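Below you'll find the structure, written out as structure tokens, and then a few comments.
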Amino acid sequence: MGATVAGGREKMKYDNLSMPEYFHILINIEDYPDFTAKSRELANGFFAAAAYDADPHYARFEYSPEALDRRMDWIYDDFVAGMNDQHWLDTGYFREDLQVGRFSDAAVIENLRQKAPFNLVDGAWLQNILTTGPCNEVQANLFSIWADEAGNGKTELNHCNVYETLLRSANVYLPPIVSREFIEGDFLPSGFEGSVFQMSVGRSPQEFFPELLGMTLYLEWEATPTLTPTVRMLEGRRIDPHFYRMHVAIDNIASGHGALAKQSVKLYLDDVREKGGMDALQSHWARIWKGYVTWATIGTFGSDLINHLLLFDGKLPDQRKAYAAQRMTAMITRKAPTARKSHGPARLGGRLLNELFTDPPALMEALLTDPEGWIDRSSPRDSRFFRELLSFSGPMYKVFTPEDQDIILDWVESLREVPIPPPPPVDVGLEMKTILSRYADRARREPRHRAFTFPQLDGTPKSIRDWFEGPLEDLMAALARSQWIKSGSVEGSSFF
């Protein structure tokens, strides 16, 4: 009873923290020995949110070795169908209400930086997979994967180090991952979810062993086809793709981590069936698949990152001012604990500067309106703030990192009233043809497109696969004639 009460107190102590805070605790777990109960609670919360209906690939199914092979082959083949497509950072981003072109190199580097909280703990879900005592083949397989992730004793091969090398090659230098400065960086909070998930589960590997098998299968199985476009994209930007090329190779499903992960699932379930029968097998399989689907569908980082890069790259001009102010506010809040003790009697806009750091919007307004004229909106880089305060001889030299200074400049520049030009007229037919062209190769290889048909002009059916072999304009016309489309009505079109 006493232990239960103590465990409850430990969990309550850590309730309602942010994902970056949980990340900091888990990466420094030796300093938080009473976090175990909370880490289990976090792990179970992630598993409870597994979204089996997010994609047909992730729907539940009853296990047999043949059923597993079919499902994994289906998943893999569908990813292979898009393996030669251009990366979306190169092609641009398309959705119903937005069409934007190629992203800048700066956005590509920002994409890499935002993924640092995840990739700098690469392999952490398996770091406790083996303890003292007898070891079976399944544990040996998982330990082999972990040893590869950790670099097999060679510092330069450690996957986390390889990613840090990638960042530094792109001129991105982050604070040590164990420091508070790391989580106080300009990262998306949802970017810490995957790391908190894997480290929370990895704290209790025996309790969550089936789920860990599923997590391993997910991360290792899809890497080769899904990361190949990233390798080409980075090569095209003259950024070293070694971190991603390494995963394309080492995670292969023939003899690499993908193959080891699937073999481990089968070996584990063979052992469960031998000891507990078919009911036990299906129960453990459900937990394995839950681990797979949880990691496949966890959190909102994917959509958050896309929206962040659209704002970062100036592709949402109507939201630029609010975005720049948000980043400026976050930076002031991050620096406030030290800054509000450092300015003595200095005043800005008639108020003590130390006091203003408790009210970021007021500080920003004072910075703009102070009679001393610290900010020049028409030429931000020539502002007195930069020329006098941040220069080599200024009192705030090196107080702001280059990234911090970019945040300040972006905020000031966003305040200039720049008229937004009207969007050019859209040729919707050409846009439709562009979309079809992008997916044509994939569509021609899709086996199910042999069974579905659109009518020809004489009414005879023709398979969708065959339509994709001809002019795309003919396919568009056939789609318009089909029963799937009601002209002028999205709601009335069963296609949607």
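In what follows, every heavy atom counts, from backbone to side chain, and hydrogens, waters and symmetry copies are set aside. What you are looking at is a predicted structure, and each value in this text was computed from that prediction instead of being measured.
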*Is there a donor-acceptor pair closer than 3.5 Å between any side-chain N or O of S169 and the backbone N or O of L166?*
yes
*Could you go through the side-chain contact (heavy atoms from CB on, under 4.5 Å) check for D240 and L234 one step at a time?*
CA-CA 7 Å; D240 183 3; L234 292 175; over 6 Å; no
*asked:* Quick test of your reading: applying salt bridge (charged side-chain N to carboxylate O under 4.0 Å, His left out), list the pairs with at least one residue in residues 157-179, sequence neighbours left out, ordered by first then second residue.
replied: E164-R168
_Quick one, N171 with Y173, criterion side-chain contact (heavy atoms from CB on, under 4.5 Å). Give me CA distance, side-chain angles, the key distance, then yes/no._
CA-CA 6 Å; N171 205 30; Y173 292 85; 3.4 Å; yes
*asked:* Strictly below 4.0 Å, N to O, side chains only: are E21 and R180 in salt-bridge contact?
replied: yes
*Is the side chain of D406 donor-acceptor paired with the backbone N or O of E403 at a distance under 3.5 Å, no angle test?*
no
*Return the minimal non-hydrogen interatomic distance between L174 and L167, and the atom names on each side.*
CD1-CD1, 3.7 Å
*asked:* Do M432 and L479 have side chains that approach each other closer than 4.5 Å (heavy atoms only, starting at C-beta)?
replied: yes
*Would you say the side-chain atoms of H343 pair up with the backbone N or O of A339, donor to acceptor, closer than 3.5 Å?*
yes
*Hey, does the side chain of S179 reach the backbone of P175 with a donor-acceptor pair shorter than 3.5 angstrom?*
no
_Before you tell me yes or no, could you show the steps for F47 and F208 under ring-ring contact (aromatic ring centres under 6.0 Å, His included), namely the whole-Å CA-CA distance, both residues' side-chain angles and the distance that decides it to 0.1 Å?_
CA-CA 10 Å; F47 289 131; F208 296 115; 5.7 Å; yes
*Mind checking whether W295 and W125 have parallel, tilted or perpendicular rings, split at 30° and 60°?*
perpendicular
*Side chains of D304 and S190: do they bring a donor and an acceptor to under 3.5 Å?*
yes
*Can you check whether W74 reaches R71 side chain to side chain, under 4.5 Å on heavy atoms?*
yes
_Point-to-point distance, once rounded to the nearest 0.5 Å, from CG of L356 to CG of L367_ = 10.0 Å
*What residues form a salt bridge (charged side-chain N to carboxylate O under 4.0 Å, His left out) with E388, not counting sequence neighbours?*
R384
*Got a second to check how far F118's CZ is from C160's SG, nearest 0.5 Å?*
10.5 Å
*With side-chain hydrogen bond (donor to acceptor under 3.5 Å, both in side chains) as the test, would you mind laying out the steps for S104 and D313 before giving the verdict?*
CA-CA 7 Å; S104 68; D313 221 24; 2.5 Å; yes
*Establish, from distance only, whether the side-chain atoms of H57 and D55 form a donor-acceptor pair under 3.5 Å.*
yes
*Donor-acceptor contact below 3.5 Å, side chain T358 vs main chain E355*: yes
*Heavy-atom distance under 4.5 Å between the side chains of N111 and F312, does that happen here?*
no
*Do Y292 and I75 touch side chain to side chain, with heavy atoms closer than 4.5 Å?*
yes
*Show the numbers, then the answer: is there a salt bridge (charged side-chain N to carboxylate O under 4.0 Å, His left out) between E235 and R245?*
CA-CA 10 Å; E235 285 178 332; R245 184 187 288 124; 2.4 Å; yes
*What distance do I464 atom CD1 and E469 atom CD have between them, rounded to the nearest 0.5 Å?*
13.0 Å
_Before you tell me yes or no, could you show the steps for R387 and D382 under salt bridge (charged side-chain N to carboxylate O under 4.0 Å, His left out), namely the whole-Å CA-CA distance, both residues' side-chain angles and the distance that decides it to 0.1 Å?_
CA-CA 6 Å; R387 287 189 292 105; D382 293 328; 5.4 Å; no
*ring-ring contact (aromatic ring centres under 6.0 Å, His included) between F46 and F197, intermediate numbers included*: CA-CA 7 Å; F46 283 117; F197 169 53; 5.3 Å; yes
*May I ask you to test the Y93-K315 pair for a side-chain heavy-atom distance under 4.5 Å?*
no
*Taking D186 as the fixed residue, which of R327, H308, R334 is the one that meets the side-chain hydrogen bond (donor to acceptor under 3.5 Å, both in side chains) rule?*
R327
_Return the CD1 to OG1 distance between I145 and T216, rounded to the nearest 0.5 Å._
6.0 Å
*Any donor-acceptor N/O pair, E110 side chain to L309 backbone, under 3.5 Å*: no
*Are there more than 12 heavy atoms of other residues, nucleotides or ligands under 6.0 Å from atom NZ of K433?*
no
*Under 4.0 Å between a Lys/Arg side-chain N and an Asp/Glu carboxylate O for K262 and E220?*
no
*Can you name the nearest heavy-atom pair linking A325 to W411, along with the distance?*
CA-CD1, 4.0 Å
*Does the pair F103 and W88 meet the rule for a ring-ring contact (aromatic ring centres under 6.0 Å, His included), with working shown?*
CA-CA 9 Å; F103 284 78; W88 61 271; 5.5 Å; yes
*asked:* Checking F187 against F182 for the ring-ring contact (aromatic ring centres under 6.0 Å, His included) test, could you report, in this order, the C-alpha distance in whole Å, the side-chain angles of both residues, the deciding distance, and whether it holds?
replied: CA-CA 9 Å; F187 290 117; F182 184 86; 5.2 Å; yes
_So does A51 get a backbone contact from the side chain of T297, meaning a donor-acceptor N/O pair under 3.5 Å?_
yes
*Classify the ring geometry between F400 and F385 as parallel (under 30°), tilted (30 to 60°) or perpendicular (over 60°).*
tilted
_Backbone N/O of R320 and side chain of S414: donor-acceptor pair under 3.5 Å_ = no
*Heavy-atom distance under 4.5 Å between the side chains of Y22 and I183, does that happen here?*
no
*asked:* Under 4.0 Å between a side-chain nitrogen and a carboxylate oxygen: does that hold for E41 and K38?
replied: yes
*Any Lys/Arg nitrogen of R445 or D77 sitting under 4.0 Å from an Asp/Glu carboxylate oxygen of the other?*
no
*Does one side chain, of H247 or D122, offer a donor that lies under 3.5 Å from an acceptor on the other?*
yes
*Assign the ring pair Y76 / W221 to parallel, tilted or perpendicular, where the plane angle (0 to 90°) is split at 30° and 60°.*
perpendicular
*Does S195 reach the main-chain N or O of P117 with its side chain, forming a donor-acceptor pair under 3.5 Å?*
yes
_I'd like to know whether T165 forms a side-chain contact (heavy atoms from CB on, under 4.5 Å) with F243, so could you lay out the CA-CA distance, the side-chain angles of the two residues, the decisive distance to 0.1 Å, and finally the verdict._
CA-CA 9 Å; T165 299; F243 176 83; over 6 Å; no
*Not counting sequence neighbours, list each pair that qualifies as a salt bridge (charged side-chain N to carboxylate O under 4.0 Å, His left out) and has a residue in residues 81-93.*
D90-R102, D90-R237
*asked:* Do T230 and P241 have side chains that approach each other closer than 4.5 Å (heavy atoms only, starting at C-beta)?
replied: no
*asked:* Could you tell me if the side chain of D105 sits less than 4.5 Å from the side chain of I239, heavy atoms only?
replied: no
*Without swapping roles, check the side chain of N128 against the backbone of G202 for a donor-acceptor pair under 3.5 Å.*
yes
*Assess the side chains of S383 and W374: does a donor N or O sit below 3.5 Å from an acceptor N or O?*
no
*Between S379 and D376, is any side-chain donor less than 3.5 angstrom from a side-chain acceptor?*
no
*Report yes or no: is the cationic atom of R444 (NZ for Lys, CZ for Arg) under 6.0 Å from the centre of the six-membered ring of F468, at an angle within 45° of the ring normal?*
no
*asked:* Between E211 and K290, does any NZ, NE, NH1 or NH2 come within less than 4.0 Å of an OD or OE carboxylate oxygen?
replied: no
